[in-house]
Amino acid sequence: MGIETSCDETSAAIVANGRRIISNVVASQIDLHQRYGGVVPELASRQHVKNILPVIDEAIALSGLTIDEIDAIAVTAGPGLIGALLVGVSAAKALAFTIDRPLIAVNHLAGHIAANYLGDNKLKPPFLSLIVSGAHANIIYVRDYSDYLMIAKTKDDAAGEVFDKLARAVGLGYPGGPMIEQTAKGGNRNAFPLPHPKIKNSLDFSFSGVKTAAFNVLNKAELTAKKNGQDRRKILSDQDFAATVQETIVEILADHLWQAQKLTNAQTIVLAGGVSANLRLRETITKLADQIGVKLIVPDIKLCTDNAAMIAAAGYFQWQEGICSDLSLNATALWELSEI
Ligand code: KG4
Ligand code: ZN
């Protein structure tokens, strides 16, 4: 069984052999946080407390199994919102204690990567992985199921975070990534110039300059429109804004991934995280993989964003390697994957 409560989804799932989903229940809190334009941590924790037991019950009921047939309990122990993580960790500890089964602490990013083991039964390390979510932008070389080498991380904002903040600025709502993708359809991908920041001798990302430049373009268009008594959208449409922002982020991700492939000579590339649901990103990386002649694996769209099936999958492979925790397990807000 997997349990996930690191941010704004309460989820429990049952997975067989790390490869096959038996049940996967996800209670999303999008409606709760929408009016604030982003996740409010305290509200998220309280909602997890309300949801966790019904979600676990439903995952068991839908599986057709009894609780005794569960072999091990995997839970996201970090990184994430500490109050939110604690709800899942406490529930997992109580359950592991009650049914006397191993407890496995899973890193949330390891979970995102493992979503791919559920879609492709033959996928095995080593491979190169681009993990892009609301809180992360990482390139990780997965040497083995529980052996991760950090190739790149973000110095500031995450890719999804830029989408979320810019979508909010144009009034597209939360979460911003899917809204940006939808609005970008038919828009001009080169409506205005945006920087492609590079850090010397490093493949690390930096997105804050892109975000600030996009904010400046938007503010300038709003000022000009105000002066002329016009609607800003007459000067800069939401479509063009979204399409240009999306294209820039996708180009930066693809460029760094290409360089990381050259560095590692990895023959398989894997996408992971909420932003990997983005079709323009998938299309661009598919072309790139064809060009360099490597295999590309992408997760099922439903498994890109947070869910417990991916945590159960990651937990299974950890369990096989004997990497379990005891009941003193605590949640960790910051936990680099490369520490595993
Ligand atoms: O992995 P995830 O569910 O949560 C974190 O671990 O952060 O990722 C959520 C992020 C949000 O920033 C959301 O805007 C972004 O993924 N996202 C997308 C799309 N779907 C979700 N970004 C771009 N295009 C999408 N279709
Ligand atoms: Zn996530």
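For ligands, and for the atoms within them, numbers begin at 1 and follow the listed sequence.
Given atom 24 (N) of ligand 1, the protein heavy atom at minimum distance is Asn278 ND2, 3.1 Å. Scanning all protein heavy atoms for the shortest distance to atom 22 (N) of ligand 1 gives Gly177 CA, 3.2 Å. Given atom 13 (C) of ligand 1, the protein heavy atom at minimum distance is Asp164 OD1, 3.8 Å. Annotation: atom 2 (P) of ligand 1 to nearest protein heavy atom, Asp306 OD1, 3.3 Å. Shortest contact from atom 7 (O) of ligand 1 to any protein heavy atom: Gly134 N, 2.9 Å. Scanning all protein heavy atoms for the shortest distance to atom 21 (C) of ligand 1 gives Gly274 O, 3.4 Å. Closest to atom 26 (N) of ligand 1, if we only count protein heavy atoms, is Glu181 OE1, 2.6 Å.
Surrounding NZ of Lys227 are at most 12 heavy atoms belonging to other residues, nucleotides or ligands under 6.0 Å away.
No hydrogens or angles considered: a donor-acceptor pair under 3.5 Å links the side chains of Glu4 and Ser6. Ser146 and Glu321 form a side-chain donor-acceptor contact under 3.5 Å, judged by distance and modelled atom types alone. Side-chain polar atoms of Thr5 and His48 form no donor-acceptor pair below 3.5 angstrom. For Asp31 and Gln29, the side-chain atoms include no donor-acceptor pair closer than 3.5 Å.
The atoms of ligand 1 that sit less than 4.0 Å from any heavy atom of Gly160 are 12 (O). Atoms of ligand 1 found under 4.0 Å from any heavy atom of Ala135 (numbered from 1 in listed order, with element): 7 (O).
Although no hydrogens or angles enter the test, the distance criterion places a donor-acceptor pair under 3.5 Å between the side chain of Asp240 and the main chain of Asn188. Put simply, the side chain of Asp204 never gets that close to the backbone of Thr154: no donor and acceptor are under 3.5 Å apart.
Contact annotation: for His108 versus ligand 1, heavy atoms closer than 4.0 Å belong to the side chain alone.
Applying the ring-ring contact (aromatic ring centres under 6.0 Å, His included) test to His256 and every residue at least two apart in sequence or in another chain returns Phe205.
Heavy-atom proximity to atom 1 (O) of ligand 1, evaluated over His112, Gln182, His136, is greatest for His112.
With respect to the salt-bridge test (charged N to carboxylate O, under 4.0 angstrom), the residues Asp238 and Arg232 qualify.
Only one option out of Leu130, Leu203, Ile140 pairs with Ile151 in a side chain to side chain contact (heavy atoms under 4.5 Å, CB included); it is Leu203.
Protein nitrogen, oxygen and sulfur atoms, that is N, O or S, within less than 2.8 Å of the Zn ion (ligand 2) amount to 3.
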With ring pair (Phe, Tyr, Trp, His ring centres under 6.0 Å) as the criterion, how do Tyr141 and Phe127 come out once you've worked through the C-alpha distance, each side chain's angles and the decisive distance to 0.1 Å?
CA-CA 6 Å; Tyr141 187 67; Phe127 54 79; 8.3 Å; no
